[in-house]
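Here is the structure we will look at.
Read the numbers this way: they start at 1 and go in the same order the structure lists the ligands and their atoms. Everything numeric in this text was worked out from a predicted model, so none of it was measured.
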Amino acid sequence: MFHHPGNVFVVSAPSGAGKSTLVHRLVASVPNLIFSISFTTRKPRPGEVDGRDYFFVDDDRFDAMVREDGFVEWVEVYGQRYGTGRTWLEGQLASGVDILLDIETTGALNLRHAIPDAHMIFILPPSAAALEQRLRGRGKDSDAQVALRLKHARHEMALYHAYDYLVINDDLEAAYRHFESIVYATRSQRERMAPVAQRILQGF
Ligand code: ADP
Ligand code: 5GP
């Protein structure tokens, strides 16, 4: 169980649904919300930066971290391994900022055991055809990778009912507003706001 004064948001979606697009914008726009940087054995895509998008590591380093219990959760998907670093996450959580984790469904369900009050958000594409078009249009994955990701999409989407919130990413602007409003609504919950309300009341 992790001590975390801030809110924890976990976001999952089938690959190509637009999760990175929405998450990058959210983290850039919402103050005091940071992105959880995972470790991966996948090679960087064009434009990805080590230490910003992922910590890119080789198999030996990943194996060593697994042996040292260095991950809160880790999975193998699409032939690569991805994991949430324990030391990194603990440090960020203790600082009190809100944190957002972009992880796939198996890892998300494992994380919920470690952080039961995490807010779980699932992003759905408007249709199977739109998902395929986006994966191909992104132009960053080979045909074989696209096929693998589409196959995995059905399995991932079947788990949507384990999440607290659903966002359909059809029109990007509408989806973004929806997504952002989940963060602000969570921050506005009375129990979260009670210390601030008490400070205000003390002035009367
Ligand atoms: P994910 O991170 O879920 O794999 P991306 O954010 O990389 O997906 O989005 C996949 C592709 O779909 C990108 O080319 C992105 O620009 C595009 N995209 C994202 N959201 C929308 C949307 N609402 N309408 C059309 N295209 C979108
Ligand atoms: P991509 O290769 O497209 O960046 O990511 C592939 C999948 O791995 C996405 O669904 C992403 O959410 C997931 N992922 C990224 N980091 C982690 C992680 O640390 N743990 C888990 N379980 N999944 C992750």
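Close contacts between ligand 1 and Asp170 involve ligand atoms 22 (C), 23 (N), 24 (N) [criterion: under 4.0 Å to a heavy atom]. Close approach of ligand 1 to Ser15 is summarised as follows: ligand atoms under 4.0 Å from at least one heavy atom of the residue are 4 (O). Less than 4.0 angstrom separates some heavy atom of Thr21 from each of these atoms of ligand 1: 5 (P), 6 (O), 9 (O), 15 (C), 19 (C).
One finds the CZ atom of Arg61 at 15.0 Å from the CZ atom of Phe56 (value rounded to the nearest 0.5 Å). Separation of atoms CG (Leu101) and CG (Leu89) is listed at 6.0 Å; rounding is to 0.5 Å. The line from OG of Ser12 to NZ of Lys19 is 6.0 Å long, rounded to the nearest 0.5 Å.
Near ligand 2, Lys19, Ser38, Arg42, Arg45, Tyr54, Glu73, Val75, Tyr78, Tyr82, Gly83, Thr84, Asp102, Ile103, Glu104, Gly107, Arg149 each place a heavy atom less than 4.0 angstrom from the ligand.
The residues Arg86 and Glu68 are annotated as not salt-bridged, no charged nitrogen and carboxylate oxygen being separated by less than 4.0 angstrom. Salt bridge absent: Arg45 and Asp53 never bring a charged side-chain N and a carboxylate O closer than 4.0 Å.
Shortest contact from atom 7 (O) of ligand 1 to any protein heavy atom: Arg138 NH1, 2.9 Å. Lys19 N, 2.8 Å is the protein heavy atom nearest to atom 3 (O) of ligand 1. Given atom 20 (N) of ligand 1, the protein heavy atom at minimum distance is Asn169 ND2, 3.0 Å. Nearest non-hydrogen protein atom to atom 24 (N) of ligand 1 is Arg134 NH2, 3.2 Å. Atom 10 (C) of ligand 1 has Gly16 O, 3.6 Å as its closest protein atom, hydrogens excluded (heavy atom only). Among protein heavy atoms, the minimum distance from atom 8 (O) of ligand 1 is reached at Gly18 N, 3.2 Å.
Within 6.0 Å of the CD atom in Gln133, the count of heavy atoms belonging to other residues, nucleotides or ligands does not exceed 12.
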For a quick test of your reading: what N or O donor-acceptor pairs under 3.5 Å do the side chains of residues 24-34 make, sequence neighbours left out?
{"from": "His24", "atom 1": "ND1", "to": "Ser20", "atom 2": "O", "distance (Å)": "3.3"}
{"from": "Arg25", "atom 1": "NH1", "to": "Glu173", "atom 2": "OE2", "distance (Å)": "3.0"}
{"from": "Arg25", "atom 1": "NH2", "to": "Glu173", "atom 2": "OE1", "distance (Å)": "3.1"}
{"from": "Ser29", "atom 1": "OG", "to": "Arg25", "atom 2": "O", "distance (Å)": "2.6"}
{"from": "Ser29", "atom 1": "OG", "to": "Tyr176", "atom 2": "OH", "distance (Å)": "3.4"}

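In the hydrophobic clustering of this structure, Trp88 does not group with Val49; members are Ile, Leu, Val, Met, Phe, Trp, Tyr whose side-chain heavy atoms approach within less than 4.5 Å, directly or through other members.
Every N/O-N/O distance between Gly137 and ligand 1 stays at or above 3.5 Å. Residue Ala13 has no nitrogen or oxygen atom sitting less than 3.5 Å from a nitrogen or oxygen atom of ligand 1, judged on distance alone.
Note on ring orientation: taking the six-membered ring where Trp is involved, the planes of Tyr54 and Tyr82 are tilted (angle from 30° to 60°).
At a heavy-atom cutoff of 4.0 Å, ligand 1 is contacted by both the backbone and the side chain of Ser20. At a heavy-atom cutoff of 4.0 Å, ligand 1 is contacted by no atom of Leu135, backbone or side chain.
Annotation: ring-ring contact (aromatic ring centres under 6.0 Å, His included) contacts involving residues 127-166, sequence neighbours excluded, comprise Tyr78-His152, Phe122-Tyr163, His152-His155. Applying the salt bridge (Lys or Arg N to Asp or Glu O under 4.0 Å) definition to pairs two or more places apart or across chains, those involving residues 177-196 are Asp98-Arg187.
In summary, the side chains of Thr84 and Glu73 do present a donor paired with an acceptor at a separation below 3.5 Å, with no hydrogens or angles considered.
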